[in-house]
A.B. asks: 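Got a structure for you, questions after.
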Amino acid sequence: MSVGKIIVAGIGPGSKNDITPAVLHAIRISDVVVGYKYYFQFVEDIIKPDALCIDTGMKKERQRAEEAFKYAEEGKTVCVISSGDAGIYGMSPLVYEMKKERNSDIEIEVLPGISAFQKAAALLGCPIGHDFCIISLSDLMTPWDRIEKRIIAASSADFVTAIYNPKSNGRYWQLYRLIELFLKDRSPDTPIGYVRQAGRDEQEVKVTTLGQFDPEEIDMFTIIIIGNSQSYLFDESHIITPRGYYREAQREDVGIGQDIMIRSFQTIESELKNKDIPLDKKWALLHAIHTTADFDMENILNIDDRAVEKLHKEVTKGTVRIIITDVTMAASGIRKGALERMGIEVKCYLHDDSVAALAKDKGITRTQAGIRLAAEEHPDALYVFGNAPTALMELCELIRKDKAYPIGIIAAPVGFVNVRESKHMTKPFKNIPKLIVEGRKGGSNLAATLVNSILTLDDAEQLKPGRDV
């Protein structure tokens, strides 16, 4: 008796034009063709006249595999047809598992096909230009809690994500939940495309955004593709996902240090919990997180309404000529290139010859004495605190006595004694633009980077930090 064989063939998404030559040949030479009855309409004119066709209904996959082995063991060449690619939610795994169960010697050959997500991607343009994953929302064979974990992983890892089995008559809420989870990590402007009956006469192709997406337009014959953070809409009907992040090739006008900083900011921006904040505040927040690697800055960086924007305008107008810092470390972190470009001088009085004497005479700290001297010479400067709460408290007292009227305050002293209190003392001055790091956290490097965000706000819209690095 001749030796039989099982060919598991992916017939593509539904059009004869999308069936590969190898699959067409396999169907033509097969003695038996086994498949879900709906699929036969796509290949019936290819099957040889004397071939036996065995069509079964939905959820009869195991029965189809058993029929394939039955006839192959009789020496027949059997073709098991599966839509799309037979290895993606198709018949290949079941046939191989049955071969193992039966300890069968029957030869199995798998012929790949064009998957529905590939067809949909082609119709949508090029949404899968980078790393991607596929998730089925069907919980027939996978518990929903595991599906949800995969959704969260795909969303947080910024995968382009193709969705199979998005809805059925009995499953209506899962797609709503997926969108809810994706919106925790992705912008509402993230492109999303969906194709119904891809490659078939009833084909429909639509493009929208994650925020505007309506699950009610989806049925079980629809494939959904959600872009990543770099994907964008093109000509209102196509999605482009670049092959790399931010066109990874370094631009000629950007040095290595600035390029690293730009990519760091883009990463931080993509991971913010709340992206829908004013640009000037976001710019300062990105600087703060970049410097500290602390996303708690989203919660503790308190910026007055339009404070960064107002201070930047004063800087560019030339109103700000002096920046006063409480300690030299804060001064050293402010970008020298930006200061030179704008004609601004940074001063720290901590090591002034008269500071030690004043501190001793008045029984105050040297940083307090430094601020007292600074206010006498530059009462309208931009004041920056990254270390000493007593210095900030001194400025607050001078403001109350009308001996200082700073154009702005950056309050980021750090420590455990009087730190919180000094920041609370600053808040009542409603007419002074303020950037305050709440609680005990702060530091000279943080104070300096907040100054840098003010000096470079004109680079915020392009998300291009580090001009003076």
Side-chain angles (χ1 to χ4, degrees), residues 127 129-132 151-161 176-193 207-215 224-234 239-242 244-248 258-312 435-438 441 446 449-450 452-454 456-466:
H130 207 268
D131 295 340
F132 69 94
I151 293 169
I152 293 169
S155 176
S156 62
D158 203 29
F159 278 101
V160 175
T161 306
Y176 283 92
R177 177 60 175 158
L178 177 140
I179 297 302
E180 179 186 350
L181 292 170
F182 260 79
L183 282 171
K184 291 182 179 180
D185 294 302
R186 308 281 177 93
S187 164
D189 296 326
T190 302
I192 180 169
V207 171
T208 184
T209 63
L210 202 56
Q212 296 294 319
F213 177 71
D214 182 6
I224 303 169
I225 298 179
I226 305 171
N228 68 12
S229 63
Q230 304 306 293
S231 305
Y232 58 95
L233 295 177
F234 172 66
I239 299 173
I240 297 175
T241 298
Y245 274 65
Y246 322 110
R247 325 297 197 275
E248 287 285 345
Q258 186 180 7
D259 180 61
I260 293 171
M261 193 170 181
I262 288 171
R263 288 189 284 141
S264 297
F265 268 51
Q266 290 163 336
T267 299
I268 296 166
E269 200 275 340
S270 71
E271 295 182 17
L272 290 178
K273 290 181 180 177
N274 181 16
K275 300 178 178 65
D276 188 22
I277 57 177
L279 181 62
D280 70 321
K281 182 175 181 178
K282 181 184 285 189
W283 189 239
L285 178 60
L286 293 174
H287 275 78
I289 296 173
H290 178 256
T291 296
T292 62
D294 184 0
F295 276 84
D296 190 38
M297 289 296 151
E298 285 195 79
N299 304 314
I300 65 174
L301 180 57
N302 187 340
I303 301 176
D304 287 348
D305 185 38
R306 297 177 57 221
V308 177
E309 179 185 337
K310 291 174 182 176
L311 290 172
H312 178 72
L435 288 75
I436 301 173
V437 179
E438 300 276 15
K441 292 182 180 180
L446 181 52
T449 200
L450 292 174
N452 292 334
S453 74
I454 293 168
T456 62
L457 181 61
D458 47 344
D459 295 326
E461 193 165 351
Q462 296 181 6
L463 202 64
K464 191 178 178 183

A.B. asks: Can Asp305 and Lys281 be counted as an ion pair, charged N to O under 4.0 angstrom?
C.D. replies: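 A salt bridge is absent here (no side-chain N lies under 4.0 Å from a carboxylate O).
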A.B. asks: So, the side chain of Thr291 versus the backbone of Ala288: is there a donor-acceptor pair under 3.5 Å, distance only?
C.D. replies: no
A.B. asks: Which atom pair, heavy atoms only, marks the closest approach of Ser155 to Asp185?
C.D. replies: OG-OD2, 3.0 Å
A.B. asks: May I ask you to test the Met297-Leu446 pair for a side-chain heavy-atom distance under 4.5 Å?
C.D. replies: yes
A.B. asks: Given Ile289, which of Ile268, Leu301, Asp294 fulfils the side-chain contact (heavy atoms from CB on, under 4.5 Å) condition?
C.D. replies: Ile268
A.B. asks: What orientation do Phe265 and His290 show, parallel under 30°, tilted 30 to 60°, or perpendicular over 60°?
C.D. replies: tilted
A.B. asks: Just checking, is any N or O donor in the side chain of Thr449 or Asn452 under 3.5 Å from an acceptor N or O on the other one?
C.D. replies: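 No - no donor-acceptor pair under 3.5 Å links their side chains.
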A.B. asks: Indicate the atoms forming the closest heavy-atom contact of Glu269 with Leu463, along with that distance.
C.D. replies: CB-CD2, 4.4 Å
A.B. asks: Just wondering, do Leu272 and Lys282 contact through their side chains at under 4.5 Å, heavy atoms?
C.D. replies: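 Yes; the side chains approach each other to less than 4.5 Å.
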A.B. asks: How close do Glu271 and Phe295 get, counting heavy atoms only, and between which atoms?
C.D. replies: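 Where Glu271 meets Phe295 most closely, the heavy atoms are OE1-CZ, 3.8 Å.
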A.B. asks: Kindly check if the number of other-residue, nucleotide or ligand heavy atoms within 6.0 Å of CD (Glu461) is above 12?
C.D. replies: no
A.B. asks: Applying side-chain hydrogen bond (donor to acceptor under 3.5 Å, both in side chains), can you list everything that pairs with Asp296, at least two apart in sequence or on another chain?
C.D. replies: Asn299, Lys441
A.B. asks: Is a side-chain N or O of Lys275 found less than 3.5 angstrom from the main chain of Ser270, in a donor-acceptor match?
C.D. replies: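 Looks like yes, one N/O pair under 3.5 Å.
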A.B. asks: CG/Leu311 to CG/Asp280 distance, rounded to the nearest 0.5 angstrom?
C.D. replies: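 Leu311 CG to Asp280 CG: 9.5 Å, rounded to 0.5 Å.
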A.B. asks: Measuring from atom CZ of Arg186 to atom OG1 of Thr209, what distance do you get when rounded to the nearest 0.5 angstrom?
C.D. replies: 13.5 Å
A.B. asks: With rounding to the nearest 0.5 Å, note down the distance linking CD1 in Ile226 to CD1 in Ile179.
C.D. replies: 5.0 Å
A.B. asks: Taking CZ in Phe234 as the centre, count heavy atoms belonging to other residues, nucleotides or ligands within less than 6.0 Å. Is the count above 12?
C.D. replies: no
A.B. asks: Which heavy atom of Phe182 sits nearest a heavy atom of Leu210, and at what distance?
C.D. replies: CB-CD2, 3.9 Å
A.B. asks: Which residue, Val207, Ile192, Thr190, forms the side-chain contact (heavy atoms from CB on, under 4.5 Å) with Leu233?
C.D. replies: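 Of all the options given, the one that passes is Val207.
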A.B. asks: Taking the side chain as every heavy atom from C-beta outward, state whether Thr456 and Trp283 have any atom pair closer than 4.5 Å.
C.D. replies: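 Sidechains of Trp283 and Thr456: in contact.
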A.B. asks: Please examine the side chains of Ile224 and Leu178, heavy atoms only from C-beta on, and report whether any two atoms are closer than 4.5 Å.
C.D. replies: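 Of all side-chain heavy-atom pairs linking Ile224 with Leu178, none is under 4.5 Å.
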A.B. asks: Of the non-hydrogen atoms in Thr241 and Ser231, which two are nearest, and what is the gap between them?
C.D. replies: OG1-OG, 2.6 Å
A.B. asks: Drop me the distance from Phe132's CZ to Thr161's OG1, to the nearest 0.5 angstrom.
C.D. replies: 10.5 Å
A.B. asks: Please say whether more than 12 non-hydrogen atoms of neighbouring residues, nucleotides or ligands are located less than 6.0 Å from CG in Asp276.
C.D. replies: no
A.B. asks: Could you check whether any side-chain N or O of Arg306 sits under 3.5 Å from a backbone N or O of Pro278, counting only pairs where one atom can act as donor and the other as acceptor?
C.D. replies: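 No; judged by distance alone, with no hydrogens or angles, the pair does not exist.
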A.B. asks: Donor-acceptor pair, Asn302 side chain versus Glu438 backbone, under 3.5 Å?
C.D. replies: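 Judged by distance alone, no pair lies under 3.5 Å.
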A.B. asks: Which atom names give the shortest non-hydrogen contact between Gln230 and Asn228, and what distance separates them?
C.D. replies: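 Looks like N-OD1, 2.8 Å.
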A.B. asks: To the nearest 0.5 Å, what is the distance between CG (Asn274) and CG (Leu285)?
C.D. replies: 9.0 Å
A.B. asks: Would you compute the distance between atom CD of Glu309 and atom CG of Leu457 and round it to the nearest 0.5 angstrom?
C.D. replies: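 With rounding to 0.5 Å, CD (Glu309) is 7.0 Å from CG (Leu457).
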